[in-house]
Amino acid sequence: MIIVNVKEGESLDRALKRFKKKFEKTGVLRELRSRQAYEKKSVTRRTQVKKAIYKQGLQQDNA
């Protein structure tokens, strides 16, 4: 559970902003989205390889 103590004289918007930042750091939404769209390990590995090949091609073009 995320707890945000509101300080004396602090605006509610500021406290809400701190809450959102803490919530984002926990990674709950990221995990939820990844669970909704399950991807097989072979597919994730294939996309990682494709990204690596793409990045390597970009590096060779710059050199």
One should read off an interatomic distance between Gln56 CD and Ile53 CD1, to the nearest 0.5 angstrom, of 8.0 Å
Discussion item. Are Leu58 and Val49 connected into the same hydrophobic cluster when the rule is that any two of I, L, V, M, F, W, Y join if their side-chain heavy atoms are below 4.5 Å apart?
Written reply: no
Student check: side-chain heavy atoms of Leu16 and Lys20 closer than 4.5 Å:
yes
- prompt: Is there side-chain contact between Glu10 and Arg18, with heavy atoms separated by less than 4.5 Å?
  reply: yes
Side-chain heavy atoms nearer than 4.5 Å, only ILVMFWY residues, links allowed to pass through others: does that put Ile2 and Val28 together? yes
Has Lys22 got a side-chain atom pairing as donor or acceptor with Ile3's backbone, closer than 3.5 angstrom? yes
Nearest heavy-atom contact between Val4 and Ala15 is CG1-O, 3.9 Å
Around Leu12, counting heavy atoms of other residues, nucleotides and ligands shown, do more than 12 lie under 6.0 Å from its CG?
no
Honestly curious: do Leu32 and Phe23 fall in one hydrophobic cluster under the side-chain, below-4.5 Å linking rule? yes
- Hey, are Arg30 and Glu24 close enough for a salt bridge, meaning a charged N less than 4.0 Å from a carboxylate O? no
